[in-house]
Amino acid sequence: MTATDIPAPAPVPAAPAHGELHGPVLAWFEQHARDLPWRRPDAGAWGVMVSEFMLQQTPVSRVLPVYEQWLARWPRPADLAAEAPGEAVRAWGRLGYPRRALRLHGAAVAIAERHGGDVPDDHAQLLALPGVGEYTAAAVASFAYGQRHAVLDTNVRRVFARSVTGVQYPPNATTAAERRLARALLPGDASTAARWAAASMELGALVCTARNEECGRCPIASRCAWRLAGKPAHDGPPRRGQTYAGTDRQVRGKLLAVLREAVAPVPQAALDAVWDEPVQRARALDGLVADGLVEPLDGGLYRLPLA
DNA sequence: CATTCGTGGGG
DNA sequence: TCCCCAAGAAT
């Protein structure tokens, strides 16, 4: 670490111009928090970590059943680490973005090898695990270990954008200003900070939603900068939409679905049947192999990876 | 910093 | 029907 690596001190707002948000949001959370399995006391850090992987871009309702199956089958990181990675991909089912299954398996292996089988409680060590980025590291450290971290997910970003900044939506990519704001709003006490992280996230998930927000149920509606400004519509570049039909992603999904259902190696012909355009089909299959999601065998056979 | 990476439900 | 979006990470 050299002097040039030390970031300039972030300007700290002299006084919060947005008033006190913690009290109302924490009280609301007390009353309205969902009883989700990964929030139960017995979930443990591994349960929290599994849930965070699955919830990366997948709604709670679809995660719930798969989460229960995973924790029943692999109650500890070492249990998953002992399995073939392909089993993780198979058990991932249709949650989407199956590379997450591979990374979760990789994280379990790393935890078994480097951390004695226990999910690390250190943010930097969490961040070093495959599939763990800034959000997930902060979430596990906060939710599982009660530490003080800014947990900045899409829900929290939207809540802050509206209630504090006064705009309908946060920027497309997370900005330094958002991180600075999240840190400034973080309660000083670790246990309160952890509850604040969960509460602000829950508010975004249940009330301050992307569409059809329910300000009538919001505990901070009277202080919300966006609402007080008359809820001006989002201006600026359109929020990046994700096309899907006809993309490689769709082809990869169809190919992998065949392999997930198969108990034995699948012949090339069975994969060829899912997409008629041969160039794109080949590119998609190559991509799956390159990602380690598919293992090619001799004789034009394919299967989920054994190692 | 922009792209890529699945899947399904709701408005 | 079509479009939007859902507790992001890696490159």
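In what follows, every chain begins at residue 1, and chains take the letters A, B, ... in the order their sequences are listed. Values in this document were obtained by computation on a predicted structure and should not be read as measured data.
- In terms of phosphate contacts, A:R260 brings a side-chain nitrogen or oxygen within less than 4.0 Å of OP1 or OP2 of B:dT7.
- When all heavy atoms of A:W28 and A:A199 are compared, the closest pair comes out as CZ3-O, 4.0 Å.
- When rounded to the nearest whole Å, the span between CG of A:L95 and P of C:dA9 equals 16 Å.
- Within the structure, every side-chain polar atom (N or O) of A:Q57 is placed at least 4.0 Å from both OP1 and OP2 of C:dA6.
- Annotation: side chain of A:L104 is not in contact with side chain of A:W74 (no heavy-atom distance under 4.5 Å).
- For the salt bridge (charged side-chain N to carboxylate O under 4.0 Å, His left out) test, residues two or more places apart in sequence or in another chain that qualify with A:R34 are A:E202.
- Across C:dA7 and B:dA2, the matching P atoms stand 22 Å from one another, rounded to whole Å.
- The P atoms of B:dG9 and C:dA9 are separated by 25 Å, rounded to the nearest whole Å.
- Within the nucleic acid shown, A:R103 comes within 4.0 Å of sugar-phosphate atoms alone, with no base atom in reach, counting heavy atoms only.
- Counting any heavy atom pair closer than 4.0 Å across all strands shown, A:W92 reaches no nucleic acid atom.
- Rounded to whole angstrom, the span from the CG atom of A:L36 across to the C1' atom of C:dA7 amounts to 10 Å.
- In this structure a side-chain-to-backbone donor-acceptor pair under 3.5 Å is present from A:R158 to A:C208.
- Each of A:L288, A:L259, A:L256 was checked for a side-chain contact (heavy atoms from CB on, under 4.5 Å) with A:L271, and the lone residue meeting it is A:L259.
- At a threshold of 4.0 angstrom between heavy atoms, the contacts of A:A210 are confined to the sugar-phosphate backbone, with no base atom among them.
- Look at OH on A:Y67: it is 14 Å from C1' on C:dA7, rounded to the nearest Å.
- Phosphate proximity of B:dG6 to A:R252: present, with a side-chain N or O under 4.0 Å from OP1 or OP2.
- Taking only side-chain nitrogens and oxygens, A:R62 never comes nearer than 4.0 Å to OP1 or OP2 of B:dG9.
- Residue A:L256 is out of contact with every strand shown, counting any heavy-atom pair closer than 4.0 Å.
- The shortest non-hydrogen separation linking A:P305 to A:A84 is O-CB, 3.9 Å.
- One atom, CZ of A:R157, and another, P of C:dC5, lie 13 Å apart when rounded to the nearest Å.
- In this structure, CG of A:L152 is placed 11 Å from P of C:dG8, rounded to the nearest angstrom.
- At least one side-chain nitrogen or oxygen of A:R158 sits closer than 4.0 Å to the OP1 or OP2 atom of C:dA6.
- The CD atom of A:E52 lies 11.5 Å from the CZ atom of A:R100; values are rounded to the nearest 0.5 Å.
- Note on A:D291: nothing from the nucleic acid sits closer than 4.0 angstrom, heavy atoms only.
- Residues of residues 128-141 of chain A that place a heavy atom closer than 4.0 Å to DNA chain C, in numerical order, are A:P130, A:G131, A:V132, A:G133, A:E134, A:Y135, A:T136.
- Checked for salt-bridge contact, A:R73 and A:E83 meet the test: a charged N lies under 4.0 Å from a carboxylate O.
- Look at CE on A:M54: it is 16 Å from P on B:dG6, rounded to the nearest Å.
- Using a 4.0 Å heavy-atom cutoff across all strands shown, A:R249 reaches at least one base atom of the nucleic acid.
- Between the side chain of A:T58 and the base of B:dG6, a donor-acceptor pair under 3.5 Å is found.
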